[in-house]
Structures are given as structure tokens and as C-alpha cells.
Visitor: 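So that we are looking at the same thing, I have put the structure below in C-alpha cells.
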Amino acid sequence: MKFLRWAGLSLITLSASACIAPAPPARDTLADLNLIPANAGLKGLTVAVITAQNTKNSIAYLRSILSKTRTREDPATFFVSYKNMLRRHFRATVHVDSVADAKSRAPDLIAILDVHATLPSHSSAKFAAKLILISPEDDQEIETLSVAGEGSDTSLLEDRRLHMSIGTAAEDGRAKLEKALLASQALAEYAKARRSPKTLAAAPASPPARTYSSDVDNPGYQARENQANFAVVVGISQYKHLPEAEFAQRDAEAVKRHLLAIGYPERNIILLTGDNATRTSLQKYLEEWLPKNLKPDSRLFFYYSGHGAPDAATSEAFLVPWDGDAQFLQSTAYPVRQLYQSLEALPAKEVVVALDACFSGAGGRSVLAKGARPLVTTVTAGSVPAGKITLFAAASGDQITSTLEEKGHGIFTYYFLKGLSEAAKGPGEVTPQRLFDYLKPLVEDAARRQNRDQTPVLAGSRKDHAIVTFK
């Protein structure tokens, strides 16, 4: 029998160097779990992914290092792709803290993710990524996949070198680990056995999905309907080829309910979610349907929640539709520049744009092509024409957006809708500037509590024009 002796469970454990503080001591993975495993899949398997206190200690340690730099990046975002990789290839995943918890969920497979990172200097990083696969019935090891990822940067700014080298090493390790996972013959044979008629009846159901609710889901106000108002609302959580943009569809559905409450007619609101939010759908509604329906006295509201992406070569920003591919943005995504041009050309008196996405490529609601550097700092999402458009953007060009788990919404969208609800309590006009002055400090404060920076942006020449007037 083959015994597992791999120590860790830390997603991030940094070695000491002349410029990096000593990492917390590693603990024995299997000792923590009280396992004495012996020698003992993919779309058909459910998997429980185990982490331990090492992970929490190590993330906190790396946060303490990066918090002293100007990047203010939460290191946990570098490892989102590892979780998304597992979610992408298995039927369902659940993250647990112990073997007992894992077995209570009756998974087909237990996976221990161990990514040991070292920083030899502020310009290079190395990741030793391991995925230990265990059968939940007898604690037997199926296989241990091991890869090494590396990253370096020669930027003049030391903070940027550190940030870039960690991100590049994390992505290199993730890509190699994914390749090893898909090439594993032992896992393929295990998955085949689990799918056999003998074991199919015993296959566990996926854990029930968590339900969310918040105080902004259903507006408690109602303004007079205006037949001239139109809206296109887009929210994409699950993508065809890309990781999840958490809560994006919930964001869009809540935004539609608030638009109905401030007087947008139901028949004038286009809601695009899931596989309805393709690039073709965006084009046909923005470039054909709206021009035929808007009037000179119309106000248009365009809302987008989902992934953004930067073109690493040109720094141009793109909205990523359901069928978008980060490696082929020009042909599968929708340029933000084209969005502004299309909206500015419409026969409407005013256009309000709200984007709960980011375009840095560093995580959150942004994606980047494989092999590209994980941070682009000069995207052009905030450059709106000097005309009828007023833009709300969830974050500045070099930042990432995030979510409020307890509310089930993006931070920006939650406080945007909260601002409308608060304004409805008293009579008066709600202008973009008034709404922005309310949400900006709240978004910044919520982001700081997550140990990162997120600064919303308001742009355009009509910041003082009323969005809605409450009587």
C-alpha cells in the first residue's frame, strides 16, 4: 500500500529571504486530518476540496506582506483560478475543512489542494502545486499530481515586480496542474469505475445550492411610469468557457426590479442573463433594437454585471459575453469603446451606464488570456465621449471588483441599489452625482474590510441631471 506523506494544505506558504518575512511553519496535512490512507473523477464526479488552518495562516501572512505595498492586492485572488479549474472539470465541488465534513457531503472524490509558494526575491516567485486525490470510502490515495510554476518580472517598481511575479507563478502552476489533472490515467480509471451501473445508484447528489437574500432585492418604493424610458440589463454568472462571475445574474435581476420601481416599463426593459447574453444578443439590442425604439425624449439605462477583460497588447477593455473567449477578444467579446460609440449615437436625450465589472485582468470580475501577464493597468473603460453618456464604473482601471457574500451581490451594485432605496425615502431628484456621493465611500470601506482597494468612478458631462424624481 502506498501511504500519503505530503505535508501542507497551505495554498500559500512563503520561504524566508533577505527581503521577505519568515513564513508560518508548515503542518503535516495527514496528521491534521487523522488519516492513515493506503493505496487505494471527471464531469460525472462530485469532489470535496479540503483546506486547513495552514491555508488561512499563510494567506494572512501574504496579506501582511502585500498590504505594505502600493498594490493592495488580496493574495486570495491569485488562487481563484485553482478553485475555478476544479469547478470547471467536475460535476460539482464543495469546499470543506475536514475529512469528516467532506464525507458528510457524500462526494465521489476528496481532493487536497496544496500550493507551496516561495519568493526568492521581489522579482521572482515559485509555486510547487500538488493535488492529492483520495477515495472517500476507504481513504485510499488515487494519485498525487505535482507541478512547478514560476514567475518573474523586471519592472522598475519593486511593488509591481512582487505583485506580477506572484500572479504569473500562480497562473503557471494552475495551468500545469490542470494539464496534469486531465492527463491522469489513474483518475480516469477511477471516474470510469464510479460511473459503472454497480455504483451509479449510490452516487451522491450535489449539495443544495445556497440561497441568498438582501434588503435591496425587492425595492420598497414606486415612481410614476415613463413610457419613454428604456433599459438593457446584462448579468452573466455562469460562462460557457470561463470561470464564474459570482452573483452577476442576481445583480442584474435586482437592477431590473429597481428599474421597474423607478418608472421603466416592463416591455421597454431587455434582460440578458446566462446563455441569452451572447455577443450577438448584445449587438442586436444595442445596435438594431434600441435605434428603432428610442425617441428624442428617451432616457436609456445600460447595466452590465459580469467579466471584463483587457487586451494585453492594446490595453483596450472588453465586456465578456456568455460565449466570450479571453484569448480571442476581438472576435468573441464586445469592446467598451464600441459600447460607448453605439450608445452615444442613439436618438435618446440621456444615457446612464453602470458597469459592475473590472478590466485589470487581475481577478474578481475580470479574466485574462492564458499566458498573458495578470495585471493590465491602463485599460480605457473610463473614457466616455463628452456627450449624453454618464458612466458609473465599479472600480478604477487597475483594480478588481468584489462581492458581498452575505448580501449575494457585487459590492458596487449593492450600494448603487441601496442608494436608490435611501433616496426614495424623501422627495427630490436623484442625480448621478448624488447617488455616487452616497455609494463611493461605502464601496471603498467595504473593500478595505476585505484588505484591498476598490474606488468607483463617475464620468460624463451630465452628472447633475436627474435619474428619477421622487415625490
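Not measured: the values here are computed from a predicted model. Numbers here simply count residues along the sequence, with the first being 1.
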Visitor: Look only at the side chain of Y304 and the backbone of V320, and say whether a donor-acceptor pair between them is shorter than 3.5 Å.
Guide: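 Checked: pair present.
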Visitor: Can you name the nearest heavy-atom pair linking A354 to F412, along with the distance?
Guide: CB-CE2, 4.3 Å
Visitor: Which is it for D356 and T413 under the side chain to side chain donor-acceptor pair (under 3.5 Å) test, yes or no, and what are the steps along the way?
Guide: CA-CA 7 Å; D356 198 342; T413 295; 2.6 Å; yes
Visitor: Can you sort out the partners of F436 under ring-ring contact (aromatic ring centres under 6.0 Å, His included), two or more places apart, ordered by chain and number?
Guide: none
Visitor: Hey, are E444 and K440 close enough for a salt bridge, meaning a charged N less than 4.0 Å from a carboxylate O?
Guide: yes
Visitor: Considering only NZ, NE, NH1 and NH2 on the basic side and carboxylate oxygens on the acidic side, decide whether E253 and R250 come within less than 4.0 Å.
Guide: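 Salt bridge absent between E253 and R250.
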Visitor: For the pair K388 and E350, find out whether any cationic side-chain nitrogen is under 4.0 Å from an anionic carboxylate oxygen.
Guide: no
Visitor: Check the orientation of Y264 and F301. Use parallel for under 30°, tilted for 30 to 60°, and perpendicular for over 60°.
Guide: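 Ring orientation of Y264 relative to F301: perpendicular.
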Visitor: Are the side chains of T46 and F90 in contact, using a 4.5 Å heavy-atom criterion?
Guide: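 Side chain of F90 against side chain of T46, heavy atoms only: no contact under 4.5 Å found.
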Visitor: Given side chains that start at C-beta, do those of E316 and P335 come closer than 4.5 Å, heavy atoms only?
Guide: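 Side-chain contact under 4.5 Å: yes.
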Visitor: For H307, is there any backbone N or O sitting under 3.5 Å from a side-chain donor or acceptor partner on Y239?
Guide: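 Yes.
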Visitor: Please collect all salt bridge (Lys or Arg N to Asp or Glu O under 4.0 Å) contacts where either partner lies in residues 258-281, sequence neighbours excluded, each pair once.
Guide: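 Matches after skipping sequence neighbours: K256-E266.
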Visitor: If we count only N and O atoms by modelled type, under 3.5 Å, do the side chains of Y212 and E405 hold a donor and an acceptor together?
Guide: yes
Visitor: Would you compute the distance between atom CZ of R462 and atom CD1 of I467 and round it to the nearest 0.5 angstrom?
Guide: 13.0 Å
Visitor: Will you find, in the side chains of Q450 and S402, an N or O donor that is under 3.5 Å from an N or O acceptor?
Guide: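 The answer is yes; a qualifying pair exists.
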Visitor: Which residue pairs satisfy the ring pair (Phe, Tyr, Trp, His ring centres under 6.0 Å) criterion with at least one member in residues 448-471, sequence neighbours excluded?
Guide: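 Sorted result for residues 448-471: Y221-F470.
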Visitor: Should Y438 and V430 count as side-chain neighbours, where that means a heavy-atom distance under 4.5 Å?
Guide: no
Visitor: Go through the side-chain N and O atoms of H241 and D325 and say whether any donor and acceptor fall under 3.5 Å apart.
Guide: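 No donor-acceptor contact under 3.5 Å links the two side chains.
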Visitor: Could you tell me if Q338 and E287 have a donor-acceptor pair between their side chains, going purely by distance under 3.5 Å?
Guide: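 There is such a pair between these side chains.
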Visitor: Run through L113, V147, D114 and flag the one making a side chain to side chain contact (heavy atoms under 4.5 Å, CB included) with L131.
Guide: L113
Visitor: Aromatic ring centroids of F416 and F392 under 6.0 Å?
Guide: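 Ring centres of F392 and F416 closer than 6.0 Å.
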